[in-house]
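One-based numbering along the sequence shown. Order of listing sets the numbers, starting from 1, for every ligand and every atom in it. Below, all heavy atoms of this structure are taken into account, side chains as well, without hydrogens, waters or symmetry copies.
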Amino acid sequence: MADEILSIKAAIRNVPDFPVPGVLFKDITPVLRDPGLLSTAVAALSAYVRAREAQVIAGIESRGFILGAPVAMALGIPFVPVRKAGRLPWDTIKASYELEYGTAEIEVHRDAFGPGERVVIIDDLLATGGTACAACELVERTGAVVAGCGFLIELTFLNGAAKLRRYDFESLVRFGAGE
Ligand code: AMP
Ligand code: MG
């Protein structure tokens, strides 16, 4: 598995100055394009979710859907979409979080989780941790429990770990500044 994780890291493409100048964007489409790498990523995230004894996966729009849904299917547990504000059709609850410039909002259906249900949040990448932290807040406001957060990538220099200190989390590959 360790070699396969290194292959995932090698396949991630750096795109400088996307979507705005100064951001080094981690493009995971080469990983998605390779069935072996994608199944390794899904298997590794599934192992984490199983270890956390999660009962539900919450995937964050939109790359968290691509990874989270196959993990839910692999484990035979439900998948819940956490979406950008205004996209879910039923009654929702909303959380705001800070972006580099301004704020953003994510939502989940009010009835998406049962009380006390153990939820693992899945997203493609942990940067500052604002998005994941807002998703954790939504889970807790429904009365469910955050069993953990799983990411394909962590940008360690942005210190998302500090923001997620109250929670268990796992990332498959880590990048330092400029890497
Ligand atoms: P943050 O809330 O700062 O942890 O940002 C995490 C979210 O923004 C994830 O959903 C990522 O998809 C996206 N994101 C942030 N920084 C990057 C980056 N350098 N490359 C790709 N996606 C990013
Ligand atoms: Mg994202």
Step-by-step salt bridge (charged side-chain N to carboxylate O under 4.0 Å, His left out) determination, Asp123 to Arg63
CA-CA 6 Å; Asp123 202 0; Arg63 275 162 281 158; over 6 Å; no
Nitrogen or oxygen atoms of [X] and ligand 1 under 3.5 Å apart:
X      : answer
Thr128 : yes
Ala132 : no
Ala127 : yes

Qualifying residue for salt bridge (charged side-chain N to carboxylate O under 4.0 Å, His left out) with Glu179, from Lys26, Lys9, Arg174
Lys9
Where does [X] meet ligand 1, judged by heavy-atom distances below 4.0 Å: at the side chain, the backbone, both, or neither?
X      : result
Leu125 : both
Leu158 : neither
Asp123 : side chain

For residues [X] and [Y], report the shortest heavy-atom separation together with the two atoms involved.
X      : Y      : answer
His109 : Thr92  : CD2-CG2, 3.9 Å
Ala144 : Val119 : CB-CG2, 4.0 Å
Thr131 : Ile106 : O-CD1, 3.9 Å

Crowded around Asp17 CG? As in, over 12 foreign heavy atoms under 6.0 Å?
yes
Heavy-atom proximity to atom 7 (C) of ligand 1, best of Ile106, Thr131, Val15, Asp124:
Thr131
State yes or no: do Phe169 and Ile60 share one hydrophobic cluster built from I, L, V, M, F, W and Y residues joined by side-chain heavy-atom distances below 4.5 Å, directly or via other members?
yes
What residue and atom, counting heavy atoms only, is the protein's closest point to [atom], and at what distance?
atom                    : value
atom 19 (N) of ligand 1 : Leu24 O, 3.0 Å
atom 21 (C) of ligand 1 : Phe25 CE1, 3.3 Å
atom 4 (O) of ligand 1  : Gly129 N, 2.7 Å

I need the atoms of ligand 1 closer than 4.0 Å to a non-hydrogen atom of Lys26, numbered in the order shown.
18 (C), 20 (N), 21 (C)
Within 4.0 Å of some non-hydrogen atom of Arg63, the atoms of ligand 1 are 12 (O), 21 (C), 22 (N)
Sole residue of Ile5, Ile8, Leu125 in side chain to side chain contact (heavy atoms under 4.5 Å, CB included) with Leu152:
Ile8
Taking side chain to side chain contact (heavy atoms under 4.5 Å, CB included) as the criterion, tell me which of Val49, Val120, Val56 meets it with Ile77.
Val49
Any heavy atom of Leu155 closer to ligand 1 than 4.0 angstrom?
yes
